[in-house]
Amino acid sequence: MASTAQVELHPVTVRRDPARRLIQLVVGLLLFGTSMAMMSRSLLGLNPWDVLHEGLMHRTGLTFGTVTVVTAVTVLLLWIPLRQRPGIGTIANVVLIAVSVDVVRLLLPVQEHLATQIPLLLGGIVLNGFATALYVGARLGPGPRDGLFTGLTARTGLSVRLVRTLIEVCVLATGWLLGGTAGLGTILFAVSIGPLTQLFLPWVVWRPRS
């Protein structure tokens with residue numbers, strides 16, 4: 001199995017192997033929204049963007065999913081000066097994640113005991129890594145937030161690591177000030193999501209047939 005250093009991830013037209021790749025994209029995005037809901041119901045901390053989403057949810061009274069849509073559209077507007085182009089995966093990212101996170105949050109009760117909070121948090125983080133690998137591996141266009149950091153990297157010449165870290169820190173700080181939940185889960189997500197995505201990606205990335 002190839003390592004992620006050898007995995008090609010640039011977008012490929014949907015006309016190539018559309019059935020397999022569209023199914024993979026949809027499943028990945030639905031699972032991504034599910035993982036977000038699991039982490040939010042664990043009450044042990046969220047990933048930086050979801051800290052922002054939760055903070056905005058508390059301030060506006062909108063549902064979690066609706067806030068993710070508003071945030072995603074706002075981020076997409078920032079693509080214009082960066083000359084980023086959305087793909088089918090970008091639009092699907094906005095819609096499907098918002099729907100799935102709201103549905104799962106509706107079905108999954110808030111957990112208040114560590115015996116259920118910890119497994120829910122850990123399961124959410126692992127599922128997020130797998131879901132990220134699935135939808136990114138479909139190679140149908142980046143999500144709004146992914147495109148923001150890649151666009152800024154291309155325009156500024158700074159490293160991906162630096163740009164992404166600065167964005168995540170700013171998003172986390174803003175979300176925390178708005179009342180979002182930052183905790184153990186936030187730290188655990190930050191240190192594990194990269195390695196988890198790297199672990200799963202070579203197994204699910206779409207490759208053209210020889």
Side-chain angles (χ1 to χ4, degrees), residues 1-11 24-25 27-40 42 44-54 68 71-72 75 82 84 87 89-90 93 96-97 100-101 118-176 180-207:
M1 182 60 60
S3 69
T4 48
Q6 300 168 306
V7 171
E8 185 60 62
L9 294 176
H10 71 269
Q24 179 173 326
L25 174 71
V27 171
L29 293 174
L30 292 178
L31 290 179
F32 192 94
T34 299
S35 72
M36 289 167 58
M38 291 169 65
M39 290 185 64
S40 72
S42 77
L44 293 177
L46 303 166
N47 72 63
W49 281 98
D50 284 348
V51 173
L52 176 62
H53 295 151
E54 187 179 68
T68 66
T71 304
V75 171
L82 298 175
Q84 291 283 89
T90 310
N93 185 291
L96 294 180
I97 289 178
S100 60
V101 71
I118 292 175
L120 194 62
L121 171 67
L122 296 178
I125 292 174
V126 173
L127 183 60
N128 191 280
F130 178 64
T132 300
L134 270 182
Y135 89 75
V136 170
R139 298 174 63 181
L140 288 168
R145 298 156 190 84
D146 301 322
L148 177 62
F149 84 79
T150 56
L152 283 171
T153 299
R155 297 289 286 178
T156 63
L158 299 174
S159 69
V160 169
R161 178 182 300 180
L162 177 59
V163 171
R164 182 148 199 174
T165 299
L166 289 173
I167 291 174
E168 299 281 329
V169 168
C170 290
V171 167
L172 175 59
T174 303
W176 181 75
T181 305
L184 172 65
T186 309
I187 299 171
L188 193 57
F189 181 93
V191 300
S192 62
I193 194 61
L196 283 170
T197 304
Q198 179 174 320
L199 173 67
F200 292 123
L201 193 54
W203 295 90
V204 298
V205 68
W206 179 83
R207 297 179 179 86

Flag the pair [X] / [Y] as yes when at least one side-chain heavy-atom distance between them is below 4.5 Å, and no otherwise.
{"X": "N47", "Y": "I193", "answer": "no"}
{"X": "V101", "Y": "H53", "answer": "no"}
{"X": "L152", "Y": "I167", "answer": "yes"}
{"X": "L196", "Y": "F189", "answer": "no"}
{"X": "D50", "Y": "M39", "answer": "no"}
{"X": "P142", "Y": "T90", "answer": "yes"}

Could you pull out all donor-acceptor pairs under 3.5 Å where a side-chain atom in residues 118-129 meets a protein atom, sequence neighbours excluded?
unit_1	atom_1	unit_2	atom_2	d
N128	OD1	T132	OG1	3.4
N128	ND2	S35	OG	3.0

Nearest atoms (heavy-atom pairs only) where [X] meets [Y]:
{"X": "P48", "Y": "L172", "answer": "CB-CB, 4.0 Å"}
{"X": "S100", "Y": "G33", "answer": "OG-CA, 3.2 Å"}
{"X": "G28", "Y": "A131", "answer": "O-CB, 3.3 Å"}
{"X": "L30", "Y": "L96", "answer": "CD2-O, 4.0 Å"}
{"X": "P195", "Y": "S192", "answer": "CD-O, 3.3 Å"}
{"X": "L82", "Y": "R155", "answer": "CD2-CG, 3.6 Å"}

Donor-acceptor pair, side chain of [X] and main chain of [Y], under 3.5 angstrom:
{"X": "T186", "Y": "L46", "result": "yes"}
{"X": "R145", "Y": "V75", "result": "no"}
{"X": "T71", "Y": "T68", "result": "no"}

Next on the checklist: Among residues at least two apart in sequence or on other chains, which ones pass side-chain hydrogen bond (donor to acceptor under 3.5 Å, both in side chains) with N93?
Outcome noted: none
Checklist entry - Rounded to the nearest 0.5 Å, what separation is found between the CG atom of L134 and the CZ atom of F200? => result 9.5 Å
Item to check | Gap separating the CZ atom of F130 from the CG atom of L199, nearest 0.5 angstrom | outcome: 10.5 Å
Checklist entry - Would you say W176 has more than 12 foreign heavy atoms packed within less than 6.0 Å of its CH2? => result no
Next on the checklist: List the residues meeting salt bridge (charged side-chain N to carboxylate O under 4.0 Å, His left out) with E168, not counting sequence neighbours, and say none if there are none.
Outcome noted: R164
